[in-house]
Amino acid sequence: MKTILSVKHLTVKLDGRDIITDLSFELHERDMLAIIGPNGSGKTVLLRSLLHLLPYEGKIEWMDGARIGYVPQRVAADRQLPLSARDLLNAKANVLKLSSADTERVASLTSLTPELLDANMGILSGGQFQKVLIAAALLGQPNVILFDEPTASLDELTEERVYELLHRLKEERGITIVLVSHDLSIVYRNATTVLCMGKNGAYFGSPKEVLTPEALEALYSALPKYYQHLLDHHGL
């Protein structure tokens with residue numbers, strides 16, 4: 001499998017403070033990398049660095065031909081504006097010089113019906129709005145998509161449906177997925193590799209290698225109750 005991303009000795013400083021220090025890892029095509037860690041450990045900073053949106057030291061090398069989509073954790077937009085999902089997708093398609101057929105294609109991939117496409121953004125549920133953002137990220141046919149907590153503030157059923165969509169994009173479309181997540185049961189079931197980021201360093205490997213009681217306790221200082229369910233269920 002080809003290496004699509006190589007990160008070597010990455011260090012990121014913000015306001016004179018080290019956020020990420022000497023981080024190295026590789027990502028292969030069709031991987032699903034989950035980035036976990038406590039608040040303030042630099043997960044979003046890492047995603048923004050991978051997009052070259054922040055200054056950094058070290059090397060971030062994407063494979064030639066890598067086309068990257070991004071779904072941020074929050075979107076600074078007034079959802080009460082008279083704007084439909086179709087308007088949003090068409091606006092991005094116009095910027096990328098794509099046709100209406102491309103908009104219809106990503107709408108179909110994300111199960112956005114014509115009714116949802118033409119509905120005002122303000123009346124969409126959290127899950128429907130998240131699908132619109134994913135559809136927008138799919139415009140331009142990326143082969144890598146970065147997700148910053150794609151299911152934050154969603155109920156459990158909607159969360160499962162969003163992760164099913166991500167899994168389908170990986171399996172059927174060959175898209176490499178990089179996502180920040182706090183749900184370790186989802187990470188364990190779906191991720192091929194895990195990057196744990198904490199104050200005491202970073203751990204990188206398969207879910208079975210990384211999601212051990214010892215690693216999680218070192219990462220979070222104390223093992224939260226909802227992690228214990230994962231450990232008990234999977235016998236980690």
Side-chain angles (χ1 to χ4, degrees), residues 32 34-36 39-40 43-54 67-170 172-173 175-187 189-190 226:
M32 180 180 284
I35 303 170
I36 68 171
N39 291 334
K43 302 182 296 295
T44 295
V45 168
L46 174 57
L47 290 191
R48 290 177 60 82
S49 300
L50 296 181
L51 292 165
H52 303 294
L53 297 176
L54 293 174
R67 302 180 304 281
I68 305 167
Y70 176 48
V71 180
Q73 184 178 359
R74 295 179 182 87
V75 175
D78 185 354
R79 290 181 61 185
Q80 301 309 312
L81 290 174
L83 182 74
S84 70
R86 191 185 300 278
D87 292 332
L88 179 67
L89 295 179
N90 284 339
K92 182 173 181 181
N94 289 336
V95 170
L96 297 176
K97 296 181 171 54
L98 302 176
S99 69
S100 59
D102 292 290
T103 300
E104 295 299 327
R105 180 183 61 81
V106 298
S108 176
L109 277 174
T110 52
S111 302
L112 288 171
T113 64
E115 290 77 18
L116 288 176
L117 283 174
D118 293 324
N120 189 290
M121 296 283 282
I123 68 171
L124 298 181
S125 68
Q128 291 166 345
F129 185 65
Q130 192 68 8
K131 283 187 175 184
V132 172
L133 296 181
I134 294 172
L138 287 168
L139 284 168
Q141 299 190 31
N143 50 14
V144 184
I145 302 185
L146 310 185
F147 294 92
D148 195 352
E149 296 196 51
T151 59
S153 303
L154 300 183
D155 62 74
E156 187 174 341
L157 178 59
T158 305
E159 182 180 86
E160 286 285 349
R161 288 173 177 168
V162 170
Y163 276 107
E164 286 173 6
L165 171 60
L166 302 191
H167 185 75
R168 183 158 51 86
L169 291 174
K170 173 184 173 295
E172 297 179 7
R173 301 285 168 170
I175 294 176
T176 303
I177 304 288
V178 179
L179 64 94
V180 171
S181 178
H182 286 292
D183 190 328
L184 294 192
S185 62
I186 292 290
V187 168
R189 291 202 306 270
N190 292 281
Y226 56 91

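Because only heavy atoms are used, hydrogens play no part in the values below, and waters and symmetry mates are left out as well, while side chains stay in. Starting from 1, each residue takes its place in the sequence as its number. Predicted model, so just to flag it, every value in this text is computed and none were measured.
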**OP:** Assess whether side chain to side chain contact (heavy atoms under 4.5 Å, CB included) is satisfied between Thr110 and Leu138, documenting all intermediate values.
**Re:** CA-CA 9 Å; Thr110 52; Leu138 287 168; 3.8 Å; yes

**OP:** With side-chain hydrogen bond (donor to acceptor under 3.5 Å, both in side chains) as the test, would you mind laying out the steps for Thr44 and Asp148 before giving the verdict?
**Re:** CA-CA 7 Å; Thr44 295; Asp148 195 352; 2.7 Å; yes

**OP:** Carefully, step by step, assess Asp183 and Ser181 under the rule side-chain hydrogen bond (donor to acceptor under 3.5 Å, both in side chains).
**Re:** CA-CA 6 Å; Asp183 190 328; Ser181 178; 5.9 Å; no

**OP:** Start with the C-alpha gap between Met32 and Leu166, add the side-chain angles, then the distance that decides, and say whether side chain to side chain contact (heavy atoms under 4.5 Å, CB included) holds.
**Re:** CA-CA 9 Å; Met32 180 180 284; Leu166 302 191; 4.2 Å; yes

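Formation of a donor-acceptor pair under 3.5 Å by the Arg168 side chain with backbone atoms of Leu109 is found in this model. With Glu172 contributing its side chain and Leu169 its backbone, the two residues share no donor-acceptor pair below 3.5 Å. Although no hydrogens or angles enter the test, the distance criterion places a donor-acceptor pair under 3.5 Å between the side chain of Asn190 and the main chain of Ile186.
In this structure, Leu47 and Phe147 approach most closely via the heavy-atom pair CD1-O, 3.7 Å. Heavy-atom minimum distance, Leu98 versus Gly140: CD1-N, 3.5 Å. Of all non-hydrogen atoms in Ile134 and Val71, the two that sit nearest each other are CA-CG2, 4.1 Å. Across all non-hydrogen atoms, the minimal contact from Ile123 to Gln128 is O-OE1, 4.5 Å. Contact record, Leu117 with Ala107: CD1-CB, 3.8 Å, taken as the closest heavy-atom pair. Closest of all the heavy-atom pairs between Leu146 and Val144 is CD2-CG1, 4.1 Å.
Under the side chain to side chain contact (heavy atoms under 4.5 Å, CB included) criterion, Leu53 pairs with Arg48, Leu51, not counting sequence neighbours.
Counting only residues at least two apart or in different chains, salt bridge (Lys or Arg N to Asp or Glu O under 4.0 Å) contacts with residues 119-145 are absent. Among residue pairs with one or both ends in residues 91-113, those qualifying as salt bridge (Lys or Arg N to Asp or Glu O under 4.0 Å) are Arg86-Glu104; sequence neighbours excluded.
Atoms NE2 and CG, on His182 and Leu184 in that order, are 9.5 Å from each other to the nearest 0.5 Å. Taking CG of Leu116 as the reference point, atom OG of Ser125 lies at 8.0 Å (rounded to 0.5 Å). The CD atom of Gln141 sits 8.5 Å away from atom CZ of Arg173, with the distance rounded to the nearest 0.5 Å. To the nearest 0.5 Å, atom CG of residue Leu89 and atom CG of residue Leu133 are 9.5 Å apart. Here the CG-CE distance, from Leu88 to Met121, works out to 5.0 Å after rounding to the nearest 0.5 Å. Interatomic distance, Asp118 CG to Ser84 OG, rounded to the nearest 0.5 Å: 6.0 Å.
Put simply, the residue from Asn143, Ile145, Ile175 that forms a side-chain contact (heavy atoms from CB on, under 4.5 Å) with Arg67 is Asn143.
Counting heavy atoms from C-beta on, the side chains of Val132 and Leu124 come closer than 4.5 Å.
Crowding of Arg161 atom CZ: a count of heavy atoms from other residues, nucleotides or ligands under 6.0 Å not exceeding 12.
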